[in-house]
Amino acid sequence: MSTFEGKWQMTSSENFDAYMKALGTSFLVRKAAAAATPVQDIRCHGNGRYTIVTITSIKTIELNFTLDEEFDETTADGRQAKSVVTMAAPGKLVHQQRGQPEVIITRQLEPDGQGFVMTLECKGVTCVRRYKRM
Ligand code: DKA
């Protein structure tokens with residue numbers, strides 16, 4: 001069965017600057033973030049526990065969570081959020097950041113399990129980033 005477990009390299013990004021503007025991210029951080037080509041290292045520990053490490057040349061962000069359980073998150077751009085991640089369907093992880101503003105991040109596995117599409121939504125602005133298994 002295909003899972004999110006593994007290392008993934010970003011291969012494309014659409015509308016990231018507009019998404020970061022909707023978040024309220026400063027010009028300098030937007031420029032630095034736009035230049036990054038992240039690798040995501042996703043580990044599934046069982047019983048719904050996950051670690052997602054996003055590695056860029058600017059910073060490394062580690063997220064630890066259990067599906068369906070709210071946790072305190074400091075986001076990549078420094079916002080504080082009450083977050084929850086659910087497996088909305090097989091191969092579909094939905095990450096809600098409840099805060100100001102509200103953000104929904106969806107990771108949808110491709111049918112062959114060799115990539116996923118990450119969709120980030122804030123204030124009606126949608127950014128799409130594609131990742132391939134390394
Ligand atoms: C993603 O995982 C979206 C988040 C990328 C963050 C990049 C670094 C931001 C530094 C402020 O593709």
Side-chain angles (χ1 to χ4, degrees):
M1 195 183 102
S2 299
T3 76
F4 283 99
E5 177 94 28
K7 281 194 174 184
W8 307 82
Q9 172 80 66
M10 192 186 79
T11 56
S12 71
S13 176
E14 296 159 28
N15 225 23
F16 193 40
D17 192 61
Y19 164 75
M20 288 189 288
K21 272 188 190 163
L23 289 177
T25 310
S26 72
F27 176 82
L28 283 180
V29 173
R30 290 204 320 272
K31 292 302 149 199
T37 306
V39 168
Q40 291 188 28
D41 186 358
I42 303 182
R43 295 177 216 144
C44 315
H45 306 293
N47 297 323
R49 289 191 309 114
Y50 284 76
T51 300
I52 300 179
V53 183
T54 302
I55 303 147
T56 75
S57 51
I58 315 161
K59 58 158 62 169
T60 295
I61 306 121
E62 180 168 328
L63 203 60
N64 290 289
F65 60 87
T66 300
L67 292 178
D68 305 322
E69 289 184 10
E70 189 175 83
F71 60 99
D72 292 314
E73 178 179 1
T74 302
T75 66
D77 55 302
R79 287 170 293 120
Q80 300 298 315
K82 295 277 183 195
S83 297
V84 66
V85 182
T86 57
M87 191 66 79
K92 184 175 182 179
L93 267 183
V94 179
H95 176 181
Q96 283 180 270
Q97 293 173 340
R98 299 171 181 149
Q100 284 301 330
E102 297 277 314
V103 170
I104 297 186
I105 300 168
T106 303
R107 289 176 179 81
Q108 174 73 64
L109 267 185
E110 288 173 355
D112 65 2
Q114 295 307 301
F116 67 80
V117 179
M118 184 177 190
T119 306
L120 305 98
E121 300 173 66
C122 177
K123 294 181 180 167
V125 177
T126 301
C127 162
V128 177
R129 286 156 80 83
R130 291 176 191 278
Y131 281 79
K132 284 287 172 208
R133 195 179 280 286
M134 294 173 76

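Order of appearance sets the numbers: ligands from 1, and atoms from 1 within every ligand.
Nearest to atom 2 (O) of ligand 1 by heavy atom, out of Arg129, Gln40, Arg107, Arg30, is Gln40.
Under a 4.0 Å criterion applied to the non-hydrogen atoms of Val29, ligand 1 contributes the atoms 11 (C). Distances below 4.0 Å separate heavy atoms of Ala33 from the following atoms of ligand 1: 9 (C).
In terms of protein heavy-atom proximity, atom 4 (C) of ligand 1 is closest to Phe16 CZ, 4.4 Å. The closest protein non-hydrogen atom to atom 7 (C) of ligand 1 is Thr56 CG2, 4.0 Å.
None of Ile52, Thr51, Thr54, Ile55 except one satisfies the side-chain contact (heavy atoms from CB on, under 4.5 Å) rule with Glu62; the exception is Thr51.
In this structure, Ala76 counts as a contact residue of ligand 1, since one of its heavy atoms falls inside 4.0 Å of the ligand.
Proximity of Met118 to ligand 1, defined as any heavy-atom pair under 4.0 Å, is confined to the side chain (atoms from C-beta onward).
Cluster partners of Phe27, using a side-chain heavy-atom cutoff of under 4.5 Å among ILVMFWY residues and allowing indirect links, are Leu28.
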Taking distance alone, no hydrogens or angles, what donor-acceptor pairs closer than 3.5 Å link side-chain atoms of residues 116-131 to residues at least two apart or in another chain?
from   : atom 1 : to    : atom 2 : distance (Å)
Lys123 : NZ     : Ala22 : O      : 3.3
Arg129 : NH1    : Ser13 : OG     : 2.8
Tyr131 : OH     : Gln40 : NE2    : 3.2

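Residues Val84 and Glu70 share a closest heavy-atom pair of CG2-N, 4.2 Å.
To the nearest 0.5 Å, atoms OG1 (Thr25) and CG (Asp77) are separated by 4.5 Å.
Panel note: side chain Lys132, backbone Met10; no donor-acceptor pair is recorded below 3.5 Å.
Annotation: Tyr131 places an N or O atom under 3.5 Å from an N or O atom of ligand 1; distance criterion only.
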